[in-house]
There are 2 protein chains.
Amino acid sequence: MTDIDPSQMAERRRGSGVKLVYDLLRDEILDLKLAPGSAIDEVQLASRFGMSRTPIREALVRLASDGLIETLPNRSTMVSNIDFLNMPAYFDALVLMYRVTTRLAAQHHKTEDLETIRQLQVAFSAAVESQDALAMIATNAAFHSAIAAAGRNSYYGAFFERLLNDGRRMLRLYYQSYEDRLPARFVEEHEEIIAAITARDVAAADRLGKVHGEQIVEQIGRLLTRHEDIDIDL
Amino acid sequence: MTDIDPSQMAERRRGSGVKLVYDLLRDEILDLKLAPGSAIDEVQLASRFGMSRTPIREALVRLASDGLIETLPNRSTMVSNIDFLNMPAYFDALVLMYRVTTRLAAQHHKTEDLETIRQLQVAFSAAVESQDALAMIATNAAFHSAIAAAGRNSYYGAFFERLLNDGRRMLRLYYQSYEDRLPARFVEEHEEIIAAITARDVAAADRLGKVHGEQIVEQIGRLLTRHEDIDIDL
DNA sequence: TGTATTTTTTTTGTCGACAAGAAATTCGAA
DNA sequence: TTCGAATTTCTTGTCGACAAAAAAAATACA
């Protein structure tokens with residue numbers, strides 16, 4: 001890890017330190033630039049960011065309560081491992097949140113929400129076009145985040161956000177399993193979802209959210225030995 | 001706020017400071033001993049707990065990422081207000097989580113889970129018997145937490161836990177709306193839930209979880225002007 | 001008396017230092 | 001040499017102090 005640009009660390013607004021460190025480390029962890037299980041050294045980070053250990057530690061505390069790092073008392077801090085054993089549970093929750101957020105968006109969206117959603121769909125489509133797996137992951141998450149926001153339920157929103165973040169790390173590991181035809185299918189499904197939300201068709205939104213979620217689970221989950229029965233008619 | 005017992009602050013194991021402060025402040029906030037909106041003074045807390053500001057601050061960072069306190073940059077920290085406008089969304093999420101966790105418990109529980117659940121039901125029943133509203137809230141939450149744990153989905157578990165915590169503050173404000181007959185009904189419903197889980201009757205567990213959740217929503221939510229249509233057949 | 005500007009006070013964010021714990025290393029005895 | 005105890009090294013948790021930022025108070029001026 002190289003030091004940051006000295007011109008950046010020169011003068012910072014007081015109080016911006018922890019956020020800077022938090023945001024950057026968070027991205028590095030989610031993008032797997034920091035490998036799961038790798039150690040985190042406070043003093044090294046302090047010198048890297050040109051600040052004392054105090055703000056670094058506060059950023060680490062936040063990351064820890066996000067579950068992105070793990071702290072052994074009096075001993076090392078490390079990047080959390082991806083819990084593959086819990087992947088069935090993860091997918092179960094993810095599919096349900098796809099359904100619920102899409103459904104609520106159909107109920108509660110405002111017209112300005114649709115513009116945001118459509119813009120993000122364009123970005124996702126472009127990422128698929130250019131076969132940029134990382135951009136696909138990011139724009140897909142942004143697309144569904146926007147749908148969740150349109151659903152106007154901050155509790156689901158926060159939970160879904162967290163699931164999508166956890167997913168970023170797993171998807172980065174498995175994105176090689178994407179073949180060309182499947183992302184194209186995702187684009188189509190996104191379009192259908194947008195149509196259902198626009199039409200305020202709650203039933204269709206629910207169904208499409210479920211199908212879309214299961215699509216992803218099937219794509220990722222075939223690498224697992226077994227996964228939950230997600231065909232519950234909840 | 002009075003200082004803590006000096007014998008407690010005498011010698012503490014290194015590293016236990018933040019957890020001590022975090023746990024205590026968390027309970028005080030959730031039990032409304034610290035009123036929503038009230039200011040939090042770092043130096044006062046430091047002298048109260050007999051430690052420096054550094055561990056206090058780390059505890060506050062954790063509370064902030066739990067959403068229990070809010071920090072204005074460079075300025076005051078205060079206990080988060082209860083967001084009554086979002087109560088419909090809250091109840092929507094709560095009911096769904098009641099359903100999902102109960103359903104999953106019916107699917108995945110092990111026999112030792114049932115013992116824990118039954119013990120907590122006994123405690124809840126005792127709290128209802130003695131008309132102790134605070135104990136009712138706590139033991140009810142513990143009961144459903146145990147059910148969620150038996151469902152073996154840590155994602156739902158963490159989310160549900162958070163919802164129950166938020167609920168603790170609202171319930172404390174509204175517990176006067178409980179009349180004698182309703183807690184008794186809750187006890188009965190709990191028994192039915194236990195029976196459904198034991199029998200691994202997923203459909204019944206789902207239905208009972210939904211009914212139970214809506215029961216609570218109706219009890220609390222009648223104080224609201226309007227609330228979500230929770231009768232969705234998801 | 002009311003308002004704008006300066007000064008004081010209060011509180012936060014950050015720092016460097018130090019001590020406690022745990023791991024790594026060295027040392028000693030069989 | 002090998003195992004176990006003592007020692008050193010290294011990292012973390014905590015402290016007291018200081019500086020920046022904002023609010024509160026005081027002052028000046030119309």
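Letters A, B, ... mirror the listed sequences (proteins, then strands); counts begin at 1.
For an aromatic pair to be called close, the ring centres must be under 6.0 Å apart, and Phe124(A) with Phe143(A) fails this. Separation of the Tyr98(B) and Phe160(B) ring centroids falls under the 6.0 Å cut-off.
A donor-acceptor contact closer than 3.5 angstrom is absent between the side chains of His108(A) and Asp113(A).
We find the NE2-CG distance between His144(B) and Leu94(B) to be 8.5 Å, quoted to the nearest 0.5 Å. Rounded to the nearest 0.5 Å, atoms CD1 (Ile197(B)) and CZ (Arg118(B)) are 9.5 Å apart.
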Handout entry: nucleotides 7-12 of chain C: protein proximity per nucleotide (B base, S sugar-phosphate only, - neither; heavy atom, under 4.0 Å)
Key = ----SB
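For the pair Phe49(B) CZ and dC15(D) C1', the computed distance is 18 Å after rounding to whole Å. Summarising the geometry, the separation between CD on Glu58(A) and P on dT14(D) is reported as 13 Å, rounded to the nearest angstrom. One can place CG of Leu45(A) at 16 Å from C1' of dT14(C), the figure rounded to the nearest angstrom. The interatomic distance linking Met51(B) (CE) with dA20(C) (P) rounds to 16 Å, in whole Å. For the pair Met78(A) CE and dT12(D) C1', the interatomic distance rounds to 17 Å; values are reported in whole Å. For Leu60(A) and dT11(D), the CG to P distance is 15 Å, given to the nearest whole Å.
Under the 4.0 Å criterion applied to side-chain N and carboxylate O atoms, Arg48(A) and Glu28(A) are assigned as salt-bridge partners.
In this model, the phosphate group of dC15(C) is approached by a side-chain N or O of Ser52(A) to a distance below 4.0 Å at OP1 or OP2.
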